[in-house]
Amino acid sequence: MATEEHSEGLVFHPMDQFTVKPLFGGTDVHWYTPTNATLWMGLAALCIIGLLVFGTRGRAIIPNRIQSIAELMYGMVRKMVEDITGKEGLKYFPYIMTLFCFILFANALALLPMSFSPTSQIAVTAVLALLVFVGVTVLGFVKNGTHFLGLFWVSSAPALMRPVLAVIELISYFVRPVSHSIRLAGNIMAGHAVMKVFAAFAGAALLAPVSILAIVGVYALEVLVVTIQAYVFTILTCVYLKDALHPSH
Amino acid sequence: MFSLLQQTAPVVVNESEAVIHAETAQAAAHGADAAHVATAADAAHGASSAGMPQLDISTFGNQIVWLLLVLAAIYWVLSRVALPRIGGIISDRQGAITGDLMAAEEFKQKAKDAEAAYDKALADARAEANKIIAANKAEMHKELDAAIAHADAEIAARSAESEKRIGEIRATAVEDARAVARDVTESLVQNFGGSVDQNLINDAVDQRLKGALQ
Amino acid sequence: MENLGQLGQYLGAGLACIGMAGAAMGVGNVAGNYLAGALRNPSAAASQTATLFIGMAFAEALGIFSFLVALLLLFAV
């Protein structure tokens, strides 16, 4: 179904790049098997450690370039957390920074040719979103007790509307992890699939220049999308965290 | 450019071919054409994941386990090492900047003090100079006054002396004129044969001279 | 019969992509209104970029849903 054949030999395999394969041969994927997903997630982790730990090794008052990048990322995420959740949200800053760095680097490394994109996998983004969802919900109940349910009871609305709104709010609350995860996976998957489709068009000599130009354009857009999606995932995490810390409706 | 692109396209095909070869080593023979490979791929995917690799449940456990491991590792490194270090660097820098600003403020204050001291010294020096000038001026004035007075006195003395001598000369001149007039009168009178009355002649001469010598 | 099912799949996938138009309009609406507001009051623009991205993300998520439905129809049914 995924493959369409033309007489010129155009071969469309836009989804093959998302296949999880064992790194060292074999066909079975057990839970412990090192796969290409493992490799690229590990590379993302190594890049983060390289940037944030080895880049700041000098502890220079006047930073060099790498240290400046690390400090910019730190400052940006910290300001985001502080602006949205307030001072008490800073306790959760390391986890939010972890999410931001992981998504940013996994996305960015996936733009390398022949690479694998962990963040295009629903399993990965669902786990990321569920960690946030479960964590935020538990945190809301622990911090506010039953007051947390006030999030669903819109006290500013007319009394007649409140039950209806409560149902809507409840549904939208439970849709959060779905949209949170699908947004990231869908964006990355769509971008990569589009690039692969255009790459397949390059097989025909007449279409090749057009497809090359299209790939360049889509690639540039993807560089933007990669950053924005990491930013959006992080900022939505902050918003959900704010709801848990101050459930005022 | 075209040839390059046409070269790259088979690479993509070859890659997927390799995958399929790994998966269905016995089924797909080496050197199979593209159509054959594609149908083999369909068969392989249909068996495992129904087309969309993301929905292949059999790989979920693997991905989730490795994801959690990686996240835990990143979280551990960030919260233990990286974030405290960067926070420390930033607050150090903030401290250094505040310290430098305060030092700059101090130096500014010092410069201001020095300027004030300089101004004060300048004003003092000027006042002192003015005082000295005034003193000198007064002294010079006094000397000048003394010199002028001295000169005036000398001039007065000289002019008095001259006056006296002029008076003397004038007096002697009058006496001489009188004597000459008397002599002349006496001889005139004698020549005319008159008797010489000394007193009469004196009176007459005085009478005449009073008008002439004034 | 199998061909009829496949026809339905492909038709459905294509129809699902219409949903992306809605997402496109939504995202454009968010960005356009942000720009209009930012030009009226540029000093307040910088503080609202986070809100802009949140709004864009929400609008875009629904387009991604339609894309997902299309993919599911194509590959997973």
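Letters A, B, ... mirror the listed sequences (proteins, then strands); counts begin at 1.
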Undergrad: Might you point out which heavy atoms bring F67(C) and G186(A) nearest each other, and give the distance in Å?
TA: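 Scanning both residues, the minimum pair turns out to be CE2-O, 3.9 Å.
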Undergrad: When rounded to the nearest 0.5 angstrom, what distance separates CE in M15(A) from CG in L71(C)?
TA: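 The CG atom of L71(C) is 5.0 Å from CE of M15(A), to the nearest 0.5 Å.
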Undergrad: Decide if atom CE of M25(C) counts as having more than 12 heavy atoms of other residues, nucleotides or ligands within a radius under 6.0 Å.
TA: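 For M25(C), atom CE is not crowded (no more than 12 foreign heavy atoms under 6.0 Å).
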Undergrad: CZ of F58(C) to OG of S179(A): how many Å apart, nearest 0.5 Å?
TA: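 Output value for this atom pair is 6.5 Å.
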Undergrad: Are any side-chain N or O atoms of R183(A) and backbone N or O atoms of E60(C), one a donor and one an acceptor, separated by less than 3.5 Å?
TA: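 Between the backbone of E60(C) and the side chain of R183(A) there is no qualifying donor-acceptor contact (under 3.5 Å).
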Undergrad: Just to verify, what does Y92(A) make a ring-ring contact (aromatic ring centres under 6.0 Å, His included) with, not counting sequence neighbours?
TA: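 Y92(A) satisfies ring-ring contact (aromatic ring centres under 6.0 Å, His included) with no residue once adjacent residues are dropped.
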Undergrad: Within residues 223-240 of chain A, which residues come under 4.5 Å of chain C, heavy atom to heavy atom?
TA: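 At a heavy-atom separation under 4.5 Å, chain C is reached by I228(A), Q229(A), Y231(A), V232(A), I235(A), L236(A), V239(A), Y240(A).
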Undergrad: If you draw a 6.0 Å radius around CZ in F198(A), do more than 12 non-hydrogen atoms from other residues or ligands fall strictly inside?
TA: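 It does not: F198(A) CZ has 12 such atoms or fewer within range.
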Undergrad: Which value, rounded to the nearest 0.5 Å, describes the distance between I182(A) atom CD1 and I64(C) atom CD1?
TA: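 If I round to the nearest 0.5 Å, the distance is 9.5 Å.
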Undergrad: Pick one of side chain, backbone, both or neither for L62(C), based on which atoms fall under 4.5 Å of a heavy atom in chain A.
TA: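 Neither part, no heavy atoms under 4.5 Å.
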Undergrad: Which answer fits L184(A), side chain, backbone, both or neither, if we ask what part of it has an atom under 4.5 Å from a heavy atom of chain C?
TA: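 L184(A) has no heavy atom closer than 4.5 Å to chain C.
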Undergrad: Side chain, backbone, both or neither: which part of D83(A) has a heavy atom under 4.5 Å from chain C?
TA: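 Neither part.
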